[in-house]
2 protein chains.
Amino acid sequence: MEEHSETIGSGNNGIGSLEETQEIRQRRALAELAEAEAHHYDVNKYERPSVTVDVLMMSLRQRDLQILLIKRRSWPYEGMWAIPGGFVMMNESLEAAAKRELQEETGVQDVYLEQLYTFGDPGRDPRTRVVTVVYFALLDSERLQVRAASDATDVGWFSVYELPQLAFDHQGIIDYALNRLRNKLEYTTIAFNLLPDHFTLRELQSVYEIILHKRLDKRNFRKKILSTNVLEDTGEKKMEGTHRPARLYRFNPEAEHKL
Amino acid sequence: MEEHSETIGSGNNGIGSLEETQEIRQRRALAELAEAEAHHYDVNKYERPSVTVDVLMMSLRQRDLQILLIKRRSWPYEGMWAIPGGFVMMNESLEAAAKRELQEETGVQDVYLEQLYTFGDPGRDPRTRVVTVVYFALLDSERLQVRAASDATDVGWFSVYELPQLAFDHQGIIDYALNRLRNKLEYTTIAFNLLPDHFTLRELQSVYEIILHKRLDKRNFRKKILSTNVLEDTGEKKMEGTHRPARLYRFNPEAEHKL
DNA sequence: ACAATAGTGTCTGTTAGACATTATCCC
DNA sequence: GGGATAATGTCTAACAGACACTATTGT
């Protein structure tokens with residue numbers, strides 16, 4: 001959840017005589033909107049761009065950073081893969097539209113969702129003018145596995161490091177997102193959103209290694225993470241294979257501590 | 001300039017038989033748009049939000065961080081101050097719309113401009129659904145002074161630290177922008193956009209102090225800045241008042257060096 | 001010489017990165 | 001005891017922050 005959305009209220013407390021009905025107000029509003037912005041242009045006289053929300057869903061699968069793409073079935077970019085998205089409905093927030101998209105494609109709820117950037121160059125979609133607000137979501141690998149089987153054949157997970165040719169400006173969007181993710185990894189606790197509730201330090205280190213795309217020193221990594229107190233020892237251990245079991249930790253959100 | 005815009009192409013190279021005229025293609029596009037997105041909803045059947053671009057223009061004036069606001073003349077929020085903005089035209093990019101806004105309000109060009117965030121809660125504007133892409137601009141104080149006199153009476157510069165009651169969710173937008181600006185100050189060379197070409201180290205320090213809203217140690221500040229090699233000594237000196245003159249520096253963009 | 005701001009260096013505590021060995025489990 | 005991964009500490013170089021005095025100008 002973008003920290004921002006709490007501080008920005010919806011500003012719905014309009015100033016005006018309280019006796020007015022909603023209808024009268026609405027009608028007058030349109031007239032005044034046109035008037036107030038007259039030095040720009042008449043709002044009703046011009047076409048409006050379409051507004052869509054695209055959601056880049058990212059998860060760790062097969063020791064890799066993967067994203068969900070859908071295959072296009074018609075012009076333009078027919079047969080190419082694209083980031084899922086859809087139109088914003090008149091009375092849902094941008095974030096609500098993103099959550100709806102997320103729900104439709106993966107069935108998951110309550111995941112980390114952050115607004116990335118808004119792309120609106122004329123010509124980025126040859127059909128019509130489309131302004132798209134892009135969000136990215138981080139899905140915890142464990143909950144996701146359950147639904148992996150339900151994927152249709154024109155929906156697929158791809159490694160961000162080996163992507164097919166993408167439709168529109170979507171490759172650029174992914175580059176941008178990866179950049180943002182890498183940066184935030186260093187100074188926020190964003191990484192925990194890609195792990196299940198309980199995890200080992202090795203698993204956490206793997207998250208960093210996969211996203212930063214480089215090896216990290218085990219001792220320095222553990223030292224740094226543990227010194228921030230964002231981890232809580234659950235007391236449990238995770239045994240797999242024939243070797244010493246690893247402690248299981250849990251993210252401590254009390255310590256809203258930045259790394 | 002947002003570094004992003006270079007990497008994201010406009011994706012204008014549509015795939016389709018080259019013999020098609022633009023008109024045929026456009027007509028088919030609309031049909032296919034509706035079909036392709038059918039599981040969302042029919043694009044032509046629903047209203048579209050308005051898309052606006054708001055531009056938060058910031059500058060250092062009177063040893064203070066100030067922003068440009070305009071006074072609203074009609075409902076809603078009549079008489080309150082607001083961030084200037086306007087509708088996006090069908091064939092201009094979001095950034096172009098922001099530049100147009102900037103030009104209209106201040107007459108300046110070639111300033112630092114960065115997309116901040118997109119606000120689109122239903123109800124944030126009681127007239128109609130408005131999705132607004134907010135940019136912020138940093139204006140160098142010197143060039144701005146020239147045009148300061150041309151301001152109309154319902155346009156004004158305000159200290160970000162003493163703002164009047166603002167229309168819509170604009171106070172929240174400003175909080176968000178100030179946050180972003182403060183963060184970027186620490187790890188980018190964004191501050192130089194608020195100064196004229198030549199400036200003294202003391203002036204640069206003032207930029208940081210005003211924006212971060214706290215005093216900095218002179219010696220540590222100079223040590224840190226000079227160690228990054230982003231400054232070039234012009235050889236000139238700036239004399240004002242009855243004391244030792246200060247060296248004038250120039251920003252060295254070669255050293256795209258992060259702080 | 002005085003008023004006013006420019007300009008400079010040292011010390012200290014913290015952090016980031018390089019690096020190798022011991023511990024615990026299953027078989 | 002062998003195979004496999006978990007867990008741990010030290011040293012060093014770089015950086016951040018506290019702190020006070022000298023330099024240069026105009027009057």
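All heavy atoms count here, side chains included; hydrogens, waters and symmetry mates do not. Residue numbers begin at 1 in each chain, while the letters A, B, ... track the order of the sequences.
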[N] [atom2] sits how many Å from [X] [atom1], rounded?
X	N	atom1	atom2	answer
E240(B)	dG26(D)	CD	P	13 Å
I225(A)	dA16(C)	CD1	P	11 Å
Y187(A)	dA16(C)	OH	P	16 Å
R247(B)	dT5(C)	CZ	P	20 Å
K238(A)	dA7(D)	NZ	C1'	17 Å
E186(A)	dA16(C)	CD	P	11 Å
H243(B)	dT5(C)	NE2	P	6 Å
L226(A)	dT15(C)	CG	C1'	16 Å

- Item | R100(B) bridged to E105(B) by N-O distance under 4.0 Å | no
- Does a side-chain N-to-carboxylate-O contact under 4.0 Å join R202(B) and E209(B)? yes
- If you draw a 6.0 Å radius around CG in D197(B), do more than 12 non-hydrogen atoms from other residues or ligands fall strictly inside? no
- Task: May I ask you to check whether over 12 heavy atoms, not counting those of D64(B), lie within 6.0 Å of atom CG?
- Result: yes
- Check for a donor-acceptor pair, side chain of R143(B) on one end and backbone N or O of Q109(B) on the other, with a separation under 3.5 Å. yes
- Message: Between T234(A) (side chain only) and L248(A) (backbone N and O only), is there a donor and an acceptor less than 3.5 Å apart?
- Response: yes
- When the nearest nucleotide of DNA chain D is assigned to A246(A) and to K237(B) on a heavy-atom basis, which residue is associated with the more 5' position? A246(A)
- Query: Is a donor-acceptor contact shorter than 3.5 angstrom present between the side chain of R202(A) and the base of dA6(D)?
  - Reply: no
- With a 6.0 Å cut-off on ring centres, are Y249(A) and F199(A) close enough? no
- Message: Counting only heavy atoms and a strict 4.0 angstrom limit, can you tell me which residues of residues 203-224 of chain B come near DNA chain D?
- Response: D217(B), R219(B), N220(B), K223(B)
- Message: Of the options dG7(C), dA4(D), dT24(C), whose atoms approach the side-chain atoms of R244(B) most closely?
- Response: dG7(C)
